[in-house]
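Per chain, numbering begins at 1; letters A, B, ... match sequence-line order.
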Amino acid sequence: MSTAFGDWDGSIVEARRMQERLAAEVSLRDDVRETPRWLAGFDVGFEDEGATTRAAAILLAADTLQPVASEIVRMPTSMPYVPGLLSFRELPALVAVLARLPHPPDLAFVDGQGIAHPRRLGIAAHFGVATGLPSIGVAKNVLCGKHEAPGPSAGEHTPLVHRGDHIGWVLRSKPRCNPLIVSPGHRVSMQGALDRVLRTLRGYRLPEPTRLADRLASRRG
DNA sequence: GCGACAG
DNA sequence: ATCTTGTCGC
């Protein structure tokens, strides 16, 4: 079976039902230790005009934010990009690259939304539920929800609200730069997600785990 | 009905 | 996401 979804033989309706079921497994209780030891950043890029999916992972010491290991995994792209269903396209590669790290992190920063998603299961939340790891979503754009613009100074933030729910934060991570969309993935609270991102900013728009994973996935690092 | 729409 | 150098502005 293959129609508007290319090679993917599933259905949009089925995928959404799966998201609703998995979203019920998401925990917003903060399980991250006060001083985690290892952090990791994850991101996905594409090669061969999209035919190849490339996932990158970077493991770093939480205290110094210095990278200690990095891995890249390539596999055939299985599905086209469909807003709201991003994880079905990118999650397999992320799980594979996680397995290649010397050991799992105490907290994972995933490029994309956490619960700031129509059905509260963005790729960072899906990644958390699938792996059991605490996770945070760090996106460059809004998928859903409304918000006021945060002030001009680094650290200023406003809540992102969708259908009456507080689903994340719009954070000015760096002056004169577009804000980031931060939301809990799994086993991290709303406040915890914001705090963790603020603590890993180092003068760039993206928090260190995400910045390093980004440059690897985009064939720069 | 129309527009928006992570990567 | 990706095609791509220099350039304008703070």
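- Contact annotation for A:G84: base contact, defined as any heavy-atom pair under 4.0 Å involving a base atom.
- When ring centroids are compared, A:F127 and A:F42 come within the 6.0 Å threshold.
- Among the nucleotides B:dG7, C:dT2, B:dA6, the one closest to any side-chain atom of A:D111 is B:dG7.
- Straight-line distance from the NE2 atom of A:H117 to the C1' atom of B:dG7: 12 Å, rounded to whole Å.
- Distance check: A:R89 CZ to A:S78 OG gives 8.0 Å after rounding to the nearest 0.5 Å.
- Rounded to whole angstrom, the span from the CG atom of A:L91 across to the P atom of C:dA1 amounts to 18 Å.
- Between A:N141 and B:dG7, a side-chain N or O to OP1/OP2 separation shorter than 4.0 Å is present.
- Side-chain contact annotation: A:D48 with A:T52, donor-acceptor N/O pair under 3.5 Å present.
- Straight-line distance from the CG atom of A:L85 to the C1' atom of B:dA4: 15 Å, rounded to whole Å.
- Heavy atoms only, all atoms of each residue included: A:L143 and A:A116 are closest at CB-O, 4.1 Å.
- Among the heavy atoms of the strands lying under 4.0 Å from A:Y81 is at least one base atom, whether or not backbone atoms are also near.
- Each of A:R176 and A:A217 was assigned the nucleotide of DNA chain C with the nearest heavy atom; the assignment lying further toward the 5' end belongs to A:A217.
- Using a 4.0 Å heavy-atom distance criterion, A:G45 is classed as a sugar-phosphate-only contact.
- The CD atom of A:Q113 sits 13 Å away from the P atom of C:dA1 (whole-angstrom rounding).
- With B:dG7, C:dT2, B:dA6 as the candidates, the nucleotide lying closest to the side chain of A:K140 is B:dG7.
- A:I181 comes within contact range of no nucleotide atom at all, as no heavy-atom separation falls under 4.0 Å.
- Nucleotide B:dG7 holds its P atom 18 Å from the CZ atom of A:F88, rounded to whole Å.
- Minimum atom distance to the side chain of A:L143 is reached by B:dC5, of the listed B:dG7, C:dT2, B:dC5.
- Distance, A:H126 NE2 to B:dA6 P: 19 Å, rounded to whole Å.
- Checking side-chain atoms of A:R172 against main-chain N and O of A:H157 turns up no donor-acceptor pair under 3.5 Å.
- Between the CZ atom of A:F42 and the P atom of C:dA1 there is a distance of 18 Å, rounded to whole Å.
- For the pair A:R54 and C:dT2, the criterion of a side-chain N or O lying under 4.0 Å from OP1 or OP2 is met.
- Counting to the nearest Å, the P atom of B:dC5 and the NE2 atom of A:H147 are 10 Å from each other.
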